[in-house]
Peer 1: 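Encoded as structure tokens, here's the structure I'll be asking about.
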Amino acid sequence: MPTAPVDPATLHRDAIVVELHADVPIDVIDRRRRRETQVLLRRHLPRWRAGGVKAAVLTVGGDQPSHQQLDPGDPFRAAMLQIAELRQDIRESDGAIVPATSPAAIRAAAAEGRFAVFFNLEGVAPLRGSLGALDLFGELGVRAVQLTWNLRNEAGDGVAEDSGARLTRFGRSLIAHANRTGILLDGSHMGAGGFWDLAEHATRPFVCSHSNAAALRPHRRNLDDRQVEAVARAGGLVGVACYPAFLTDGEATLEHVLDHVEHLLRVAGPGHVGFGPDYVDYAEAIVHAALETAGGLYGAPRSYPAGLGRIEETPNLTAGLLARGHGPDVVRGVLGESYLRVLDAVQAPSASAGTGPAAADRSG
């Protein structure tokens, strides 16, 4: 008997869609400094709802200058103040938006019709070389950490300052500590040597939340197939980004995004691909000024892909994947279920949750 066609709108509505990387706090802080309130509720929640998104990973501090607005000279203090302001803005949503620290909390929020936010650091500059600081941020709700942004920090090289070096002693200690304490590690933006250190030493799954396929677009921020395979062997996933420079050297479209998703699915396998669009349309001027510190890595600003250029257009990703013949389970995995699986494995009591170190063919 022929299989009944899947309605894209119904699948998308019922799925737990997770935006794996969002710099929305940049806009929140900028506006709250100008005495605005309820920024998430007024400006961002309607857009997430329109896109069928149920949860977002919010960057609440890190190496990027855009996330250090509240204290440019001290990334630790800047991140603490940003978390404080963001938590206040969440309280002003009257329960429509809730902080989450586990996949169970994200699922519960979705079931209750609330929007879940999961906190991330984009680079470890706020830790100032202290594992105790990671624990402190964890108590404040930060449950995911990128080891680097574009530039070099206490853990290792970012992709814009990639000397080929491995992680520092602190960087390797950070991996072990995060694996013990259930903090998800994120390899996006890392230099190649640091990436392979992460793959070798991680005992839990890790992600690259907003990185595309270098096989389709040879950009330094993208991953080659061996790196993609390493992420998958560790039990993690790669989140496809919509940042135009990561997709093509011309004008980007939804079809380019779908091409990258399909390539990653072929290399990593279903269950190891997610959606980390990396939109910055709400704070373009601030973000592009910060990207200038990366020495031209990102090129001149270009338009996000036609058909998937805003978070409201996320249903087009679902429709596009179904139209290309991918089954409902694969699509739900890309939309968010695979990320929740990774979080479950990272936060599980036993370190045997992952499939072990993923560096069998690392580059040395």
Peer 1: Between L258 and L317, is any pair of side-chain heavy atoms under 4.5 Å apart?
Peer 2: yes

Peer 1: Nearest heavy-atom pair of F118 and A144: which atoms, and what distance?
Peer 2: CE2-CB, 3.9 Å

Peer 1: Nearest heavy-atom pair of L151 and T293: which atoms, and what distance?
Peer 2: CD2-O, 3.7 Å

Peer 1: Kindly indicate, with the supporting measurements, whether the criterion side-chain hydrogen bond (donor to acceptor under 3.5 Å, both in side chains) is fulfilled by D23 and H67.
Peer 2: CA-CA 8 Å; D23 289 313; H67 285 291; 3.0 Å; yes

Peer 1: Determine whether V60 and F115 fall in the same hydrophobic cluster, where Ile, Leu, Val, Met, Phe, Trp and Tyr are linked whenever their side-chain heavy atoms lie under 4.5 Å apart.
Peer 2: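 Both belong to a single hydrophobic cluster.
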
Peer 1: Ignoring hydrogens, what is the shortest heavy-atom contact between V287 and S66? Give both atom names and the distance.
Peer 2: CA-OG, 3.7 Å

Peer 1: Hey, what do you get for CG (L216) to NE2 (H260), rounding to the nearest 0.5 Å?
Peer 2: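 It is 4.5 Å, given to the nearest 0.5 Å.
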
Peer 1: For S211, check side-chain hydrogen bond (donor to acceptor under 3.5 Å, both in side chains) against everything at least two apart and list the hits.
Peer 2: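 Counting only residues at least two positions away or on another chain, S211 forms a side-chain hydrogen bond (donor to acceptor under 3.5 Å, both in side chains) with S188, R221.
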
Peer 1: Walk me through whether V57 and S209 qualify under side-chain contact (heavy atoms from CB on, under 4.5 Å).
Peer 2: CA-CA 10 Å; V57 181; S209 62; over 6 Å; no

Peer 1: After noting the C-alpha distance and the side-chain angles of V98 and I90, does the key distance pass the side-chain contact (heavy atoms from CB on, under 4.5 Å) rule?
Peer 2: CA-CA 7 Å; V98 293; I90 291 169; 5.7 Å; no

Peer 1: Take Q69 and D30 through the test side-chain contact (heavy atoms from CB on, under 4.5 Å) and record every step on the way to the result.
Peer 2: CA-CA 8 Å; Q69 298 176 70; D30 181 56; 3.8 Å; yes

Peer 1: Within the distance-only criterion (no hydrogens, no angle test), does the side chain of N212 pair as donor or acceptor with the backbone N or O of A241 below 3.5 angstrom?
Peer 2: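 Looks like yes, one N/O pair under 3.5 Å.
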
Peer 1: With sequence neighbours excluded, tell me which residues meet side-chain hydrogen bond (donor to acceptor under 3.5 Å, both in side chains) with R310.
Peer 2: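 E312.
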
Peer 1: Which heavy-atom pair separates W149 from P65 by the least distance, and what is that distance?
Peer 2: CZ3-CD, 3.6 Å

Peer 1: So I83 and R87, do their side chains get closer than 4.5 Å, heavy atoms only?
Peer 2: yes

Peer 1: Atom OG1 in T59, atom CD in Q64: separation rounded to 0.5 Å?
Peer 2: 8.0 Å

Peer 1: Group every Ile, Leu, Val, Met, Phe, Trp and Tyr by side-chain heavy-atom contacts under 4.5 Å, then state whether L140 and L185 land in the same group.
Peer 2: yes

Peer 1: Will you find, in the side chains of D27 and H44, an N or O donor that is under 3.5 Å from an N or O acceptor?
Peer 2: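 Judged by distance alone, the side chains do pair up.
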
Peer 1: If you look only at pairs with a residue in residues 273-284, which of them pass as a side-chain hydrogen bond (donor to acceptor under 3.5 Å, both in side chains), with sequence neighbours excluded?
Peer 2: R47-D281

Peer 1: Nearest heavy-atom pair of Q82 and I26: which atoms, and what distance?
Peer 2: OE1-N, 4.2 Å

Peer 1: Are the side chains of V124 and F170 in contact, using a 4.5 Å heavy-atom criterion?
Peer 2: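 Yes, close enough: below the 4.5 Å cut-off.
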
Peer 1: Do you reckon L136 sits in the same ILVMFWY cluster as L121, going by side-chain contacts under 4.5 Å, direct or chained?
Peer 2: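 As far as the 4.5 Å side-chain criterion goes, L121 and L136 are connected within one cluster.
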
Peer 1: Donor-acceptor pair, distance only, cut-off 3.5 Å: does the side chain of R114 make one with the backbone of A109?
Peer 2: no

Peer 1: So, do M190 and Q146 sit near enough that their side-chain heavy atoms are less than 4.5 Å apart?
Peer 2: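 Not in contact.
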
Peer 1: So, do E200 and R166 sit near enough that their side-chain heavy atoms are less than 4.5 Å apart?
Peer 2: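 Result yes, sub-4.5 Å side-chain heavy-atom pair found.
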
Peer 1: Looking at NE2 of H177 and CD1 of I183, how far apart are the two atoms once the value is rounded to the nearest 0.5 Å?
Peer 2: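 Reported to 0.5 Å precision, the distance equals 8.0 Å.
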
Peer 1: Could you check whether atom CZ of R172 has more than 12 heavy atoms from other residues, nucleotides or ligands sitting under 6.0 Å from it?
Peer 2: yes

Peer 1: Would you please name every residue forming a side-chain contact (heavy atoms from CB on, under 4.5 Å) with S338, sequence neighbours left out?
Peer 2: L237

Peer 1: Are side-chain heavy atoms of K54 and W48 found at a separation under 4.5 Å?
Peer 2: no

Peer 1: Would you mind reporting whether R43 and R31 have side-chain heavy atoms less than 4.5 Å apart?
Peer 2: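 Yes, at least one pair of side-chain atoms sits under 4.5 Å.
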
Peer 1: Begin from the C-alpha positions of R32 and V39 and carry the test side-chain contact (heavy atoms from CB on, under 4.5 Å) through to its verdict.
Peer 2: CA-CA 8 Å; R32 290 189 69 86; V39 181; 4.0 Å; yes

Peer 1: Indicate yes or no for a side-chain donor-acceptor contact from H326 to the backbone of V331 under 3.5 Å, with no hydrogens or angles considered.
Peer 2: no

Peer 1: Would you compute the distance between atom CG of L174 and atom CG of L127 and round it to the nearest 0.5 angstrom?
Peer 2: 6.5 Å

Peer 1: Between E85 and R33, does a salt bridge (charged side-chain N to carboxylate O under 4.0 Å, His left out) hold up when you go through it step by step?
Peer 2: CA-CA 10 Å; E85 284 295 318; R33 290 175 70 184; over 6 Å; no

Peer 1: Run the numbers on R332 and D329 for salt bridge (charged side-chain N to carboxylate O under 4.0 Å, His left out), then give the verdict.
Peer 2: CA-CA 5 Å; R332 279 189 286 264; D329 289 345; 2.7 Å; yes

Peer 1: Check C242 against F275 and note the closest heavy-atom contact, atom names and distance.
Peer 2: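 So the two residues come closest at SG-CE1, 3.7 Å.
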
Peer 1: Main chain of G309, side chain of E313: is a donor-acceptor contact present, judged purely on distance under 3.5 Å?
Peer 2: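 Checked: pair present.
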
Peer 1: Could you list the residues that satisfy side-chain contact (heavy atoms from CB on, under 4.5 Å) with Q68, not counting sequence neighbours?
Peer 2: P75, A78

Peer 1: Supply the atom-to-atom distance S130 OG to F76 CZ, rounded to the nearest 0.5 angstrom.
Peer 2: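 S130 atom OG to F76 atom CZ measures 8.0 Å (nearest 0.5 Å).
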
Peer 1: Do the ring planes of F246 and Y298 sit parallel (below 30°), tilted (30 to 60°) or perpendicular (above 60°)?
Peer 2: tilted

Peer 1: Which class fits the ring pair H288 and Y243: parallel under 30°, tilted 30 to 60°, perpendicular over 60°?
Peer 2: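 Tilted.
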
Peer 1: Please name all residues satisfying side-chain hydrogen bond (donor to acceptor under 3.5 Å, both in side chains) with D74, sequence neighbours left out, ordered by chain then number.
Peer 2: R128

Peer 1: Membership question, hydrophobic clusters at under 4.5 Å side-chain separation (ILVMFWY): are V261 and V267 in the same one?
Peer 2: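 Yes, V267 connects to V261 through the hydrophobic network.
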
Peer 1: What is the distance from atom NE2 of H12 to atom OG1 of T314, rounded to the nearest 0.5 Å?
Peer 2: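 Nearest 0.5 Å value for the NE2-OG1 distance: 5.5 Å.
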
Peer 1: Determine whether the side chains of H201 and N179 contain a donor N or O and an acceptor N or O closer than 3.5 Å.
Peer 2: no

Peer 1: Are side-chain heavy atoms of L40 and L86 found at a separation under 4.5 Å?
Peer 2: yes

Peer 1: The test is side-chain hydrogen bond (donor to acceptor under 3.5 Å, both in side chains); show your working for D249 and H219 and say whether it passes.
Peer 2: CA-CA 9 Å; D249 60 0; H219 190 283; over 6 Å; no

Peer 1: Measure from the side-chain N and O atoms of R220 to the backbone N and O of H189, and report whether any donor-acceptor pair falls under 3.5 Å.
Peer 2: no

Peer 1: Linking I/L/V/M/F/W/Y whenever any side-chain heavy atoms sit under 4.5 Å apart, do L297 and L291 land together?
Peer 2: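 Yes: a chain of side-chain contacts under 4.5 Å links L297 to L291.
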
Peer 1: Classify the side-chain pair N153/T148 by whether it contains a donor and acceptor separated by less than 3.5 Å.
Peer 2: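 There is no such pair between these side chains.
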
Peer 1: Check the pair R324 / D259 against salt bridge (charged side-chain N to carboxylate O under 4.0 Å, His left out), numbers first and verdict last.
Peer 2: CA-CA 10 Å; R324 289 194 178 198; D259 289 345; 2.8 Å; yes

Peer 1: Crowded around R34 CZ? As in, over 12 foreign heavy atoms under 6.0 Å?
Peer 2: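 Above 12, so yes.
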
